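Step one of this worksheet: look at the structure below.
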Amino acid sequence: MQPDAVRKVTDDDPGPSRADRFSALAQQHGAMVTLLVAMVVASLSFDTFLTGDNLENMALSSAFLAVVALGMTFVIVTGGIDLSVGSLFALGGVVAAWGSQYGSAVALLLPLAVCGLIGLVNGLLIARSGLAPFIVTLAAMLGARGILLAITDEGSRTYLVDKDSFLATLGQGSLLGIGVPVWITAALFVLGAVVLRRTRFGQYVYAVGGNEDAAALMGAPVARTKIAVYAVSGLCAGLAGALNAAWLLSGVTILGSGMELEAIAAVVIGGTLLSGGFGFVSGSLVGVLLLKVIQNVINQIGSLDSAYQQVVSGAFLAVVVVAQTWLGRRRRVL
């Protein structure tokens with residue numbers, strides 16, 4: 001069930017062939033290779049691609065989606081799905097901007113509490129009531145968007161963040177020439193990688209996604225694990241929304257639409273199986289960067305409409321899913 005599980009080899013079994021090892025490596029590192037190739041091609045095609053301003057803009061725009069994708073990784077590894085993160089991202093931003101009038105601490109903690117609670121409720125309904133994740137998180141998506149509209153008077157009111165506040169510094173400040181949100185995202189991904197790969201909770205996440213019944217027989221707390229990953233997803237979405245509000249100095253109500261699909265796409269492109277039991281935090285980060293590079297290249301072309309971003313991203317995701325399915329079958333044969 002774990003991605004780094006060691007296959008037993010006997011005298012009569014020479015182990016996986018070179019083609020099998022290549023399939024495993026392609027599934028784990030294919031997105032990174034594709035990202036490097038895309039960046040090389042883009043840098044050779046456009047003089048402005050590798051400029052500092054362009055790279056900084058890509059990094060900042062990637063940071064918020066990456067935090068959402070981090071939480072989504074834990075959910076998908078368990079075999080679940082979370083459609084509420086886009087609305088929670090928008091809700092977190094508005095709640096943070098509203099809370100900023102009471103201080104930066106409130107502005108940071110309130111969206112974490114609200115979005116984390118919604119994620120917790122999602123997990124409880126899924127784990128304890130046996131409801132389908134798709135239905136539960138779809139309901140949460142609609143509910144969070146309704147709360148957002150209620151707070152902002154149907155979207156007619158926009159809350160602003162004081163540009164001299166600590167919250168604004170988190171969103172617009174920089175360290176060593178790199179935006180603070182990028183540093184926060186990097187730290188979160190390091191923490192997420194350690195939790196997923198080096199802790200007992202991480203092993204439970206893989207076990208539940210690999211085979212829920214077998215995980216229960218081994219004594220893994222299946223229900224608690226599911227509840228935890230949805231709570232983590234809600235926390236990540238709320239934090240991403242708060243950071244985005246700090247960056248924009250306002251809580252924008254129209255943001256987050258379709259972000260849940262972008263996050264799922266990034267996680268899947270990064271090598272995490274939608275069926276669960278296999279995935280990497282680092283792969284999700286690569287998936288986010290790859291999507292942003294594709295979008296940036298289309299913007300660099302200039303003659304293409306922005307709608308082509310969705311077409312290219314969708315086509316690329318379809319190819320990745322087909323490749324993952326084929327590679328996953330090869331791994332199960334081993």
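Since the model is a prediction, treat every value here as computed from it, not as a measurement.
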- Item | For Leu109, the rest of its hydrophobic cluster, which grows through side-chain links under 4.5 angstrom |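 Reading the cluster by chain and number, Leu109 sits alone, since nothing else belongs.
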
Checking [X] side chain against [Y] main chain: does a donor-acceptor pair fall under 3.5 Å?
X      : Y      : answer
Ser45  : Ala42  : no
Thr169 : Ser165 : yes
Tyr159 : Ile151 : yes
Ser87  : Ser84  : no
Gln172 : Trp247 : yes

Under 4.5 Å between side-chain heavy atoms, hopping through other hydrophobics if needed: is there a path connecting [X] to [Y]?
X      : Y      : answer
Leu167 : Val114 : no
Val94  : Val252 : no
Leu88  : Leu261 : no
Ile269 : Leu289 : yes
Phe74  : Phe134 : yes

Pair Thr152, Thr253: side-chain N/O donor-acceptor within cut-off below 3.5 Å: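 On atom types as modelled, these side chains do not qualify, holding no pair under 3.5 Å.
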
For a quick test of reading the model, state the closest non-hydrogen atom pair linking [X] to [Y] and the distance between them.
X      : Y      : result
Ser100 : Val161 : OG-CA, 3.9 Å
Pro181 : Phe64  : CB-CE2, 4.2 Å
Val293 : Met39  : CG2-CG, 4.2 Å
Gly251 : Ala97  : N-CB, 3.5 Å
Thr272 : Phe280 : OG1-N, 3.6 Å
Ala223 : Arg128 : CB-NH1, 3.6 Å

Q) What residues, two or more places apart in sequence or in another chain, satisfy side chain to side chain donor-acceptor pair (under 3.5 Å) together with Ser233? A)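 Only Asp82 meet the side chain to side chain donor-acceptor pair (under 3.5 Å) criterion with Ser233.
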
Report the distance from atom [atom1] of [X] to atom [atom2] of [Y], rounding to the nearest 0.5 Å.
X      : Y      : atom1 : atom2 : result
Thr185 : Leu285 : OG1   : CG    : 8.5 Å
Met72  : Glu262 : CE    : CD    : 11.0 Å
Leu70  : Leu191 : CG    : CG    : 8.0 Å
Leu125 : Ile135 : CG    : CD1   : 12.0 Å
Tyr230 : Ile126 : OH    : CD1   : 3.5 Å
Arg198 : Gln203 : CZ    : CD    : 9.0 Å

Neighbour count >12 (heavy atoms, 6.0 Å) for atom [atom1], [X]:
X      : atom1 : result
Asp153 : CG    : yes
Phe46  : CZ    : yes
Leu175 : CG    : yes

Task: Summary of side-chain hydrogen bond (donor to acceptor under 3.5 Å, both in side chains) pairs that have at least one residue in residues 48-57, sequence neighbours excluded - done: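 Sorted result for residues 48-57: Thr48-Gln300, Asn54-Asn296.
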
For side chain to side chain contact (heavy atoms under 4.5 Å, CB included), just list the numbers for Leu160 and Leu249, CA-CA rounded to whole Å, side-chain angles, deciding distance to a tenth of an Å, and then say yes or no.
CA-CA 6 Å; Leu160 302 178; Leu249 296 181; over 6 Å; no

Would you indicate whether the side-chain heavy atoms of [Y] and [X] approach each other to under 4.5 Å?
X      : Y      : answer
Leu255 : Leu248 : yes
Val229 : Val208 : no
Met218 : Tyr204 : no
Phe49  : Met58  : yes

For Leu110 and Tyr102: C-alpha separation, side-chain torsions, deciding distance, then whether side chain to side chain contact (heavy atoms under 4.5 Å, CB included) applies. CA-CA 11 Å; Leu110 191 58; Tyr102 303 105; over 6 Å; no

### Query
Going through the distances and angles, do Thr137 and Val75 end up as a side chain to side chain contact (heavy atoms under 4.5 Å, CB included)?
CA-CA 12 Å; Thr137 58; Val75 171; over 6 Å; no

### Query
Under the side chain to side chain contact (heavy atoms under 4.5 Å, CB included) criterion, do Leu83 and Ile264 qualify, and how do the steps go?
CA-CA 9 Å; Leu83 299 179; Ile264 294 170; 4.0 Å; yes

